[in-house]
Amino acid sequence: MTHDLTTLDGFIESETPITYLQTYPFPACIVQSHLDASAAGPSRQQVAWKNERWVNWMGKHSLDGLIEGEALLDFERWISTGEADSVFPMETDIDTLFLMKTIIPRKGSYSLHVITSLPSKAKRAPTLFFGDTPSGRTPSAVPSTERPANLIPSHLDLSAENVNDAVSSSLMASSVLASRTLDCKSLLDRTDWTKTSLGPRVNWSPVIETMIEVILRSPTQDALWLGEDFLMLYNDNYAQIVDHPLMWARSARAKEAWGPVWEGVTELIERCLSLGEPCYRENDLLLYRRGLKGHWVEKYHTWSFIPLFDAEGKPLGLFNPTRDTTEAVVARRRQETMRDLSEQLLTARTSKEYYNGIIEVLEQNPKDVPFLMCYSVQEVAQSNTVKLTLESSLGVPPDHPAAPRHIDIALSNEQPTRSSFSTKTGPFSSPTLSAISTLSSGGGRVRYSFDQQSWPIAKSISSRQAVVVDDCTRLIKGFPLRQWEALPESAIVIPISSEASADTPQAVFILGLNIASPLDTVYEDWIHVLRAHLISSLGSVRAAEAAHERQMERDRMETAKTAWFQGAAHDLRSPLTLVAGPLDDVLRTQLRPDQRSMLSLAQRNLARVQRLVNSLLDFSRIEAGKMSGRFVPLDLGRFVGDLAALFQPAVNRKRIAYRIEIEPHEGLVFVDPTLLETVVTNLISNALKYTERGAISVALSYYETFADIAITDSGIGIPTAELSAVTDRFHRATTALSRGTEGTGIGLALAKEIVRLHGGDLLIISQTAEESGGPHGSTFTARIPLVERDVSTDQLTRNDFGLYGKAVVDEAMHWFQPSDYESESVGSELNGSTSSRSEGFLFERSDVLLLVDDNNDMRNYVKSIFKPYCQVIEAVNGQQALELARKTPPDLILSDLMMPKMNGQELLAAIRQDPITRFVPMVLLSAATDDELRLAAFVEGVEDFMLKPFKPKELLARVHLHMQIGKKRAHLEMLYAQRQQELAVILDYSPSGLMRADNTGKIIYGNDTYRSYSGMARDADLNDWPGYVDPETLNRLDTAWHEIVHGDQRESTLTWKFTNGTSVSGTFVRLDLIDPTMSGVLGCLSDISYQEEKLHEAERRRVEAEEAKQQQELLVDLTSHEIRTPVSAILQCSSLAKENLLELQQQLLHVGSQGFRPTPQQLAELDEDIQALDTIEDTGPGLAPNEQAALFKRFSQGNKMVHTKYGGSGLGLFICKRISELLGGRIEMESELGVGSGAYQSAERALDSSLATLAITTPTPTLSPSGPTPISFDGLHLLIVEDNIINQTVLKRQIIKAGFTCDVANNGQEALDYIHAKQSQLQDDSTKDNRRYDVILMDLEMPVMDGLTAVKHIRQDEASGDLDRQLVIALTGNARQGQIEQAMAAGMDDVIIKPYKLPDLISKLKNKIDASNKYVVKAHRL
């Protein structure tokens, strides 16, 4: 990449190795940095040059655009610092680069920084260090050859090193190598360059100095080859691939360095220096290092040569960056081998293809597979030996002693176990151990053998592990050389089986190991992966071979079966003919009806056997190719229509729809009429046989080149999985077998072969109800080609049309139930012929035999045997028989085994599962001779199993025996069931709970009463009883139950309670202690809940009485409070008014000539009195009109919210109104919702009368004629807590008239606020009003906070020190003693009952105050 560098005075071109940076594999650049600190900001650093990879990495972004903010400032500080060994991570959205810098000092105002980078995803060299080497890590390298100590170069000055004198000179090189101070940077300073061709370092070109700084910080393996001798200067990473430090500052031509490959690179070096062009090689194989035994080690490098020139253009040497790619190259080669092997073995189906495929693939990788021998393993029966056969080989001469064709190996008797797999032998277990063993991973998955005379095959097979042969040079002597300069020294024996398998390996492979690559972890892992793939592939091949063998065996069996049937059919024709002829002759004579019926039955079944024999012969001739069609032209539509019409009567008898659809066609079709009749007849009869309901259609359709004869039915269908096999010979669909439908499996196979003789095909479409979820049925289509054929003249005139079809139709007519006439005639005529069989039989005419068989002829014949002795009920399949048996259980069931819908075995299972029919004896008839089938029937519970053909008398005897036994058993079972039912009724209706447990304590029975006591449902598990027992008695009951079951008490009695509230008393008896032949526990429970109910009832009545008493007291308290409060207000107001009137009277009596002039104080007091007596107003929430109407009614309040907040009983206003009315007055009320209310009282009677009344009813006035006299003690300050405004106002007036001062509060909360405020004033010296409350008069019933709660708070605050001692006296209308005691217990000092007399009230206050003061003084003294 070219840039204009004139601004840098040509320095970069002359002194900076631009060529090196251009070929650098990662982004690199040169940054120009100003030394002037005043030039702050990004302008101090400028990218003066960048290579192509830097440009591609940055794209269109600038440096400022990629990093910004704090990251940009960190980058600037990193550039400006003088530390050259640091690394800067540049994190961007693109990638993270680790930047390294080399500082090139300059004279002037700027300096240059060569920036190289390493991406975060790049793999660093294992010995890459920046700064000091980390503790515990030292650069290392495997020495190429053993060398004497005197090879340490003379130009290396090691005198300054503190080398241990005790170390021998032969170990000097390794000691120096292990020292962390002998890294390449240290050697650069310690080398005596005057002894080299480069001369003193001060004379070196600046280009060399710059390049040295660059390579020492490079993350890759870089070196400089300087001077004419190409002396090597390199970094620590490069030191891993050369013999460091012996190669430091030595010529690259040295044999210890690149001497082995020098001839190959000489031309490249000369071209590079002469033309100034760099050269590049990728993944180049370089054999420059030898192993411990002197063999070349396989090494691959990607490297390049870049020429270096000074300012005058004089060559200085070469820059040699390189990267070891051995690991990647070897891994890719082995991966390609595995891929090719997988593709090759994927198609292998035989062992030969398997073994040859392995050789074909591995032949392409001679480096890793120098030779290979593949042995198959076969176990020898009844011996502990195996036989090995060489299947294929690679790199092995024919008939070599190391690869015999056959090997017999005796194995040890030890069975391999996982614990027997030992770890690998230690690296120094043998003096002849090679480098391969030394460098092995030691993973424990391989073993070692040091036998040089034979392969350790027995050891590998016995242990199921791979075995490495450490030295196989003698064994493989004479093998051809496929790669490298020598044959391999080691090999590995691989058993083709899993290490954990107990089976003998199926094969053993002997694989030569790569002599140029150590058996390290990677190599060993590849071998194990190869082994696993070979195991899997061999298993697939063996499975394919086994499947192929099974198919061949099936084909051989089918061929043998066909040959046998062909011979049997041929041999049967003669005897069948001899039977058919005489039978036909007899039927032509005069016979009785019963004789004719029996002989007709024999003739029909004889014809059926003849058709089967003919079909077998036809099929064998077709298979042998001996049958050819005799084609004639005919009207195919008429032929098919006439043939289909033959089946109309049979279809009608079965009551299913039948459609014949023939498409018109003018031309004739060439067919073989006889063969085609067989095809169409077989297809229609097949549809009729398997169709129970629905429809059958026969359709003929013509197309351009063929005609289709399609027979469609709505039968049971054929499973999709069996469609391909349904036309195979002797195959029958599972749906047909499950239904028990008769057949041979030859009809469809014969039809298919006949259609193929016509050049057509038989097409089948079918579905079952299970597969479709609804419709079911099949369509068989015989496709006949419309082609002209050679006409057979002897077939032009046929007179035998329909013979085969009529015979099949005649047989089909007997598939179904015979007519009543036929049944009756058969039964009536057989009565006399069977009389000889009745001797000794105990049949009764009421005995019922259920006969089940789908074959009408067989059913009629068996019926004829039993008709004279008992009633015979017939069923055509198992389903019908089951329904009849459930409706009317017979005395015995005689059933065929193979039947449609439900076969005999399924019927047997259903009969035994139904409680109605489970004891009905059953006898099965079958032509099957399968012992397993018979055994399964006896396991299911069949009484007898008879094979066809049977002897009538034997059948009659066996049925008679089982019927008599069955009737006896049924009678006994009935009696047993009655007794069981009686016992169950007794237990279920017993008034006591009964239970039964076994000897382990598991409850096995509990009657309904027991469940009722415990609360268990009928379906609940009886052994869950702990969950139904009351928790308070569960532990006691559990312990007692364990003692009952496992103890030695014969009888125990317990009482407990269930969670449903039922209390029971249980008596338990140990049955085994009464009779040793019995076991378990029998328990009887009695309900004793009524006793506890009496106790509970008494307790309930006591509680109710107590509650009634409390309610009465509450009513008394409520009534007392509601009555005393207004009465007290009235009396106190009257007293106050009287005092004022008396005072006024005295003043009027002493009025002089001036007249009476009231003082303002008197007028104010009169206004207050009038207002208190006449009008009461408030600013409360007010009342609505409907609330006002009910306000003065008994137990009525304004609204629920008022009651919730302020309480009350609704009696106060009612009482006030009644008193006012008794005094001849009235109370009126005005209220506005949201504003407030007012009450007005007026008196109708005269004042004198009122006063007279008052004089009579009120106590003697305590006021003197001159006015009220205050009590003798002065200065009392009281707090009145009263929610009733009238009582509050009157009491306040009385207290003030008495000469005291007071504050008022409307509820307990306000009182607490007053008290705490007063306490704060007392503690504040600046407050003028420092008077405390001498006494607190507190009502008990108040809203917000009642008096009891308030006094409790006061006493708590006193206890905590927040308040001084307060004298609190309750003033209440509740006069009940219990209420007084409650108030005193809450903290009241005394209780005064309303209405009160003021003198008494003041006197009591004085006494309480004096007592309280004495108490306080005493407390202070204490």
Side-chain angles (χ1 to χ4, degrees), residues 17-20 23-24 141 144-145 147 151-156 184-185 187-188 190-201 203-216 218 220-281 284-289 299 301-324:
I18 298 299
T19 307
Y20 157 71
T23 59
Y24 189 74
S144 59
T145 56
R147 57 181 182 272
L151 287 181
I152 298 176
S154 60
H155 55 267
L156 292 181
C184 295
K185 187 174 182 181
L187 288 178
L188 180 66
R190 287 171 171 75
T191 302
D192 186 1
W193 296 105
T194 59
K195 297 180 180 180
T196 66
S197 59
L198 295 179
R201 187 175 176 184
N203 297 331
W204 290 2
S205 170
V207 174
I208 296 177
E209 292 291 349
T210 300
M211 288 303 302
I212 289 174
E213 291 295 327
V214 170
I215 67 169
L216 289 178
S218 173
T220 56
Q221 299 164 327
D222 299 338
L224 297 177
W225 294 6
L226 302 177
E228 295 180 357
D229 294 335
F230 297 108
L231 300 185
M232 292 192 299
L233 279 69
Y234 44 82
N235 59 11
D236 292 332
N237 299 324
Y238 196 92
Q240 297 177 81
I241 63 175
V242 295
D243 195 3
H244 181 73
L246 299 182
M247 290 300 100
W248 177 261
R250 293 187 62 186
S251 174
R253 294 191 182 96
K255 66 177 182 178
E256 295 85 1
W258 300 106
V261 297
W262 191 259
E263 294 182 0
V265 300
T266 300
E267 183 180 352
L268 295 175
I269 293 174
E270 293 177 353
R271 179 181 177 185
C272 182
L273 292 176
S274 61
L275 300 179
E277 296 179 356
C279 60
Y280 176 80
R281 293 292 184 272
D284 193 14
L285 174 61
L286 300 178
L287 300 177
Y288 59 88
R289 178 180 297 175
K299 287 291 183 179
H301 284 263
T302 296
W303 57 272
S304 60
F305 284 150
I306 302 172
L308 300 178
F309 300 93
D310 60 9
E312 299 176 357
K314 181 181 178 181
L316 299 175
L318 296 173
F319 170 59
N320 175 221
T322 183
R323 187 170 70 255
D324 189 347

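The residues of the chain are indexed from 1 along the displayed sequence. All values derive from a computational prediction rather than experimental measurement.
The ring of W262 has its center closer than 6.0 angstrom to the ring center of W225.
Listed for the T220 side chain is no donor-acceptor partner under 3.5 Å among the backbone atoms of D222. T191 places a side-chain N or O within donor-acceptor distance of the main-chain N or O of L187, the cut-off being under 3.5 Å. Side-chain atoms of D229 do not come within 3.5 Å of backbone N or O of L231 as any donor-acceptor pair.
The line from OG1 of T302 to CZ of R323 is 5.0 Å long, rounded to the nearest 0.5 Å. To the nearest 0.5 Å, atom CG of residue L224 and atom OH of residue Y238 are 10.0 Å apart. Here the OG-CZ distance, from S304 to R281, works out to 10.5 Å after rounding to the nearest 0.5 Å. If you take CG on L233 and CG on N320, they are separated by 12.5 Å, rounding to the nearest 0.5 Å. To the nearest 0.5 Å, atom SG of residue C184 and atom CG of residue D236 are 4.5 Å apart. For the atom pair CG (D284) and CH2 (W303), the distance works out to 6.0 Å, reported to the nearest 0.5 Å.
Residues that satisfy the side chain to side chain contact (heavy atoms under 4.5 Å, CB included) test with R201, not counting sequence neighbours, are L188, D189, W193, W204, E209. Looking at residues two or more places apart in sequence or on another chain, you find a side-chain hydrogen bond (donor to acceptor under 3.5 Å, both in side chains) between D324 and T326.
Closest approach of S218 and N235 over heavy atoms only: O-ND2, 3.6 Å. In terms of heavy-atom proximity, P278 sits nearest to C272 at CA-SG, 4.2 Å. The nearest pair of heavy atoms linking F309 to L273 is CZ-O, 3.9 Å. In plain terms, the two heavy atoms of D310 and S205 that are nearest each other are CB-OG, 4.0 Å.
For the side-chain hydrogen bond (donor to acceptor under 3.5 Å, both in side chains) with Y234, the lone residue among H244, Q240, Q221 that qualifies is H244.
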